[in-house]
Amino acid sequence: MEVVRPEFVPDASLSHEDMEALQRGIAETAVFEDDLPVDPARVCGGSGGASEPATDDAQTSLADATDSGDAATATDSGVPAEAPPLVAGVDQAFVDDHAVSAVVLLRGGEVIERVYAVEPVEIPYIPGLLSFREGTAILSAFDALSRDPDLALVDGSGRIHFREAGIATHVGVTLDLPTVGVAKSLLCGAPRESLDRKLPQGARVAIEADGDVATAEPGTRIGDAVQTRQFENSDRYVNPLIVSPGHRVGADTAADAVLACAAGYKLPEPTRLADQYADEVKAEVREELD
DNA sequence: GCGACAG
DNA sequence: ATCTTGTCGC
């Protein structure tokens with residue numbers, strides 16, 4: 001798919017000041033409410049999501065996958081059955097000075113396409129400016145994708161960001177694609193309840209803007225901590241994921257989508273499979289580098 | 001000056 | 001993110 005807003009394409013040669021200015025523009029353009037082409041409740045596996053105590057039923061097929069032919073959508077029973085939404089997962093891996101961005105596209109829990117791109121990284125990791133380091137590789141991978149996803153889950157923050165323009169928001173606005181940010185730790189903002197305790201699977205704790213979020217009124221809900229997985233018979237516990245709207249998705253739907261895509265692992269399937277694919281590609285790309 | 005910070 | 005053994009839980 002292609003870039004819809006060229007003015008927001010991440011440019012690593014900008015000064016930090018200009019990068020921040022660009023982020024403010026991105027945040028003003030971003031839509032933090034539902035504006036999806038599909039029913040958010042059906043985003044992933046045809047069945048439910050993770051709300052059930054993890055029995056080891058469908059552990060999902062190992063992704064090797066070439067793909068499938070296109071099955072027609074038409075049904076001959078009375079009502080036209082809509083095909084499940086196309087959900088993409090995005091994640092990166094690094095090899096020396098190169099970023100490997102992987103995008104895995106799923107429909108009803110099935111992998112239908114996988115693409116990747118390798119781009120040299122121009123700048124170091126700087127909290128708050130992550131998209132300027134990884135954005136080029138991500139857009140390059142999306143350019144190789146043959147169809148447009150209905151929704152994409154991106155590793156990292158979306159609205160939970162100092163200027164409400166995390167990597168999920170940056171990518172979403174640039175492509176005008178509905179996105180959700182899925183991070184493993186909190187960049188900024190304040191949980192309304194302590195996260196240092198064992199939360200039950202399916203639980204959500206709102207994250208609100210605090211003084212670190214320069215563009216939002218303190219108290220604004222900018223995302224949630226979401227418990228996609230939890231141990232049953234143990235004193236140990238799994239930390240929640242930090243989920244936030246990227247673009248064209250509200251906080252409730254962002255959390256709904258992540259929980260709907262959870263299949264027994266902490267990470268939702270799209271992101272988990274993209275993470276796995278990025279590692280595979282990394283191993284191969286590792287050699288063809290001088 | 002100090003703290004604090006996705007991947 | 002990346003470098004890694006063992007350990008725990010399901």
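Note that the coordinates shown come from a computational prediction; the quantities given were computed from them, not determined experimentally. Labels below follow one simple rule: chain letters A, B, ... track the order of the sequence lines, proteins then strands, and each chain is numbered from 1.
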(request) Can you tell me the distance, in whole Å, between the CZ atom of A:Arg163 and the C1' atom of B:dC5? (result) 11 Å
(request) Name the closest nucleotide to the A:Asp279 side chain, picking from C:dT2, C:dG9, B:dG7. (result) C:dT2
(message) Distance check needed: B:dG7 C1' versus A:Phe94 CZ, whole Å only.
(response) 6 Å
(request) Would you classify A:Ile167 as touching base, sugar-phosphate or nothing, given that sugar-phosphate means primed atoms plus P, OP1 and OP2, and contacts are heavy atoms under 4.0 Å? (result) base
(message) Using OP1 and OP2 only, check whether a side-chain N or O of A:Lys184 sits under 4.0 Å from B:dA6.
(response) no
(message) The side chain of A:Arg236 is closest to which nucleotide in this list: B:dA6, B:dG7, C:dC8?
(response) C:dC8
(request) May I ask you to say what A:Leu241 touches in the nucleic acid, namely base, sugar-phosphate or nothing, with a heavy-atom cut-off under 4.0 Å? (result) nothing
(request) To the nearest Å, give me how far apart CG (A:Asp275) and P (B:dG7) are. (result) 11 Å
(request) Have a look at A:Asp212 and say if it touches a base, only the backbone sugar-phosphate, or nothing, with a 4.0 Å heavy-atom cut-off. (result) nothing
(message) Taking any heavy-atom pair under 4.0 Å as a contact, classify A:Ala93: base, sugar-phosphate, or nothing.
(response) sugar-phosphate
(message) Distance check needed: C:dG9 C1' versus A:Tyr265 OH, whole Å only.
(response) 13 Å
(message) Given A:Arg248, which partner from the list A:Asp176, A:Asp150, A:Asp34 fulfils the salt bridge (charged side-chain N to carboxylate O under 4.0 Å, His left out) test?
(response) A:Asp176
(request) Could you tell me whether A:Glu110 and A:Arg107 make a salt bridge, using a distance below 4.0 angstrom between a side-chain N and a carboxylate O? (result) no
(message) Rounded to whole Å, please give me the gap between CD in A:Glu164 and P in B:dA6.
(response) 18 Å
(request) Using atom CZ of A:Phe162 as one end and atom P of B:dG7 as the other, report the distance to the nearest whole Å. (result) 12 Å
(message) I'd like to check, for A:Tyr125, whether its ring lies over the base of B:dG7 with centroids under 5.5 Å apart and a plane angle smaller than 30°.
(response) yes
(message) Under a 4.0 Å threshold between the charged nitrogen and the carboxylate oxygen, would A:Asp275 count as salt-bridged to A:Arg272?
(response) no
(message) Please tell me if A:Ser185 has a side-chain N or O lying less than 4.0 Å from either OP1 or OP2 of B:dG7.
(response) yes
(request) Measure the CD1-CG distance between A:Ile242 and A:Asp224 for me, rounded to the nearest 0.5 Å. (result) 9.0 Å
(request) For A:Arg286, report the nucleic acid contact type (base, sugar-phosphate, nothing); a contact means any heavy atom under 4.0 Å. (result) sugar-phosphate
(message) Looking only at the side chains, is there a donor atom on one of A:Glu119 and A:Thr136 sitting less than 3.5 Å from an acceptor on the other?
(response) no
(request) State which of C:dT2, C:dC10, B:dA6 makes the closest approach to the side chain of A:Ala183. (result) B:dA6
(message) Which nucleotide wins on minimum distance to the side chain of A:Lys282, given the candidates B:dG7, B:dA6, C:dC3?
(response) C:dC3
(request) On DNA chain C, check which nucleotide each of A:Phe231 and A:Gln92 is closest to and give me the residue with the more 5' one. (result) A:Gln92
(request) Find the distance between OG1 (A:Thr174) and CG (A:Leu22) and round it off to the nearest 0.5 Å. (result) 7.5 Å
(message) Using whole Å, what does the distance between atom P of nucleotide C:dT2 and atom CG of A:Asp91 come to?
(response) 8 Å
(request) Check the distance between C:dC10's P and A:Gln201's CD and give it to me in whole angstrom. (result) 11 Å
